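Quick note: residue numbers are just sequence positions, from 1. No experiment lies behind these values; they were computed from the predicted model shown.
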Amino acid sequence: MLKLRDPGLTQATLDGLGNYQEEMDQAGNYSDRVATAKSAFSSRNRRTNAIFQNVREALAKMAGEAVRCAYCEDSAADEVEHVKPKDLYPESVFRWPNYVYACGPCNGRKLNSFSIIDAAGVRVDVTRPRRAPVIAPLDGLPALIDPRSEDPLQFFDMDLQGTFFVLEALDLSPLDEARATFTIELLGLNRDLLLTTRRDADLGYRARLSEYAAKAEQGAENSELDSIRSSLLSSPHPTVWEEMKRQAHLIEELQILFASVPAAMAWRHFP
């Protein structure tokens, strides 16, 4: 995962979301608001709704040229996902900062699962079991790392020389390590399919960068070089690319590659 850059919404959309949320906040007690959140979001999150058309357009821009899931970065993003589940936090169901674009598999995996870190630094699962009383979750710091407001690269490393696992970064505080572990587990960031597609992405990035370097040396036109760069930046798994840049000084092949195209160190999937 990478930190997502907010492209902004139109003022009309922000006002519309604000009105939707105000209606939610006045829907009665907590249990009533939870019930209303589900139906209200379902009825309004439609492609015929001008407000959510703009929301989806902005989320697609946020997802980069490839429009990939904010969580797995592999599958196409096509679902408006609540970072804080609407089943637990109806006060955030229409809050723009609570939205990311996700794929169906990741959205389905996450569902309403959520944990917080309490005042004692302990992770507490606040997921509401079926048929349990509908009461507000405990207060605390969300255990899930939020790519809308936090930089996941500060919490994670990636093994580019073997497994392609997402790992907890070194030297994290116990609290941040707990959050990183929870995020990896909740989102299934190390499931077999993702390990394979990350490895493929790594090979693809190296191939595109090598091609760019060779074409540049041959004096290719800027249009041809721009096409190669665009192809690279529209590939899935942007975190693999960022990790390649971050670890270039540790991996000789990458060090040589980036030395041949120094400008590539500034190339980013997200504008």
Side-chain donor or acceptor of [X] paired with backbone N/O of [Y] under 3.5 Å:
X	Y	result
S234	S230	yes
R199	G162	yes
S115	A143	no
E57	L9	no
T197	L194	yes
T181	A178	no

- Should L153 and F164 be counted in the same cluster of Ile, Leu, Val, Met, Phe, Trp and Tyr side chains packed under 4.5 Å apart?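 L153 clusters together with F164.
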- Message: Assigning hydrophobic clusters by single linkage (Ile, Leu, Val, Met, Phe, Trp, Tyr; side-chain heavy-atom cutoff under 4.5 Å), is L172 placed with L175?
- Response: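 Looking at the clustering, L175 is in a separate group from L172.
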Any non-hydrogen side-chain atom of [X] less than 4.5 Å from a side-chain atom of [Y]?
X	Y	value
E91	R33	no
V100	M62	no
C69	Y101	no
W96	R148	yes
R46	F52	no
L144	L187	yes
T239	E243	yes
N45	R56	yes

- Quick one: list whatever passes ring pair (Phe, Tyr, Trp, His ring centres under 6.0 Å) with F156, sequence neighbours left out. none
- In the hydrophobic cluster built from side-chain contacts under 4.5 Å, what are the other members alongside L193?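 For L193, no cluster forms, as it stays isolated from other hydrophobic side chains.
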- Query: Got a second to check how far R191's CZ is from D74's CG, nearest 0.5 Å?
  - Reply: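 That separation rounds to 8.0 Å.
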- Query: Atom CG in L250, atom CD in Q255: separation rounded to 0.5 Å?
  - Reply: 9.0 Å
Taking all heavy atoms of [X] and all of [Y], pick out the closest pair and write down the distance.
X	Y	answer
R128	V34	NH1-CG1, 4.3 Å
V126	P137	CB-CB, 3.8 Å
A180	E168	CB-CG, 3.8 Å
M1	P147	SD-CG, 4.3 Å

Is [X] salt-bridged to [Y], cutoff N-O under 4.0 Å?
X	Y	answer
D118	R123	no
D25	R95	yes
D202	R198	no
D87	K38	yes

- By salt bridge (Lys or Arg N to Asp or Glu O under 4.0 Å) - contacts of E242 (at least two apart): K245
- Please state whether the rings of Y212 and W267 are parallel, tilted or perpendicular, taking 30° and 60° as the class boundaries. perpendicular
- Aromatic ring proximity, centroids under 6.0 angstrom, W241 and F258: yes
- Looking at Y89 versus F114, is the centre-to-centre ring distance below 6.0 Å? yes
- Test F155 against T183 for side chain to side chain contact (heavy atoms under 4.5 Å, CB included), laying out the working first. CA-CA 10 Å; F155 296 87; T183 301; over 6 Å; no
- Message: Under the rule for side-chain contact (heavy atoms from CB on, under 4.5 Å), what residues qualify as partners of L167, not counting sequence neighbours?
- Response: D159, F165
Distance-only donor-acceptor hits, side chain of residues 102-113, under 3.5 Å, sequence neighbours excluded:
| unit_1 | atom_1 | unit_2 | atom_2 | d |
| --- | --- | --- | --- | --- |
| N107 | ND2 | E79 | OE1 | 2.7 |
| K110 | NZ | E81 | OE2 | 2.8 |
| K110 | NZ | H82 | O | 2.8 |
| K110 | NZ | V83 | O | 2.9 |
| S113 | OG | K110 | O | 3.4 |

- Message: Test: salt bridge (Lys or Arg N to Asp or Glu O under 4.0 Å). Region: residues 175-184. Which pairs qualify, not counting sequence neighbours?
- Response: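 Every pair satisfying salt bridge (Lys or Arg N to Asp or Glu O under 4.0 Å) with a residue in residues 175-184: E150-R179.
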- Check step by step if salt bridge (charged side-chain N to carboxylate O under 4.0 Å, His left out) holds for D146 and K84. CA-CA 9 Å; D146 180 359; K84 298 173 73 172; over 6 Å; no
- Under 3.5 Å side-chain donor-acceptor pair for D15 and Q11: yes
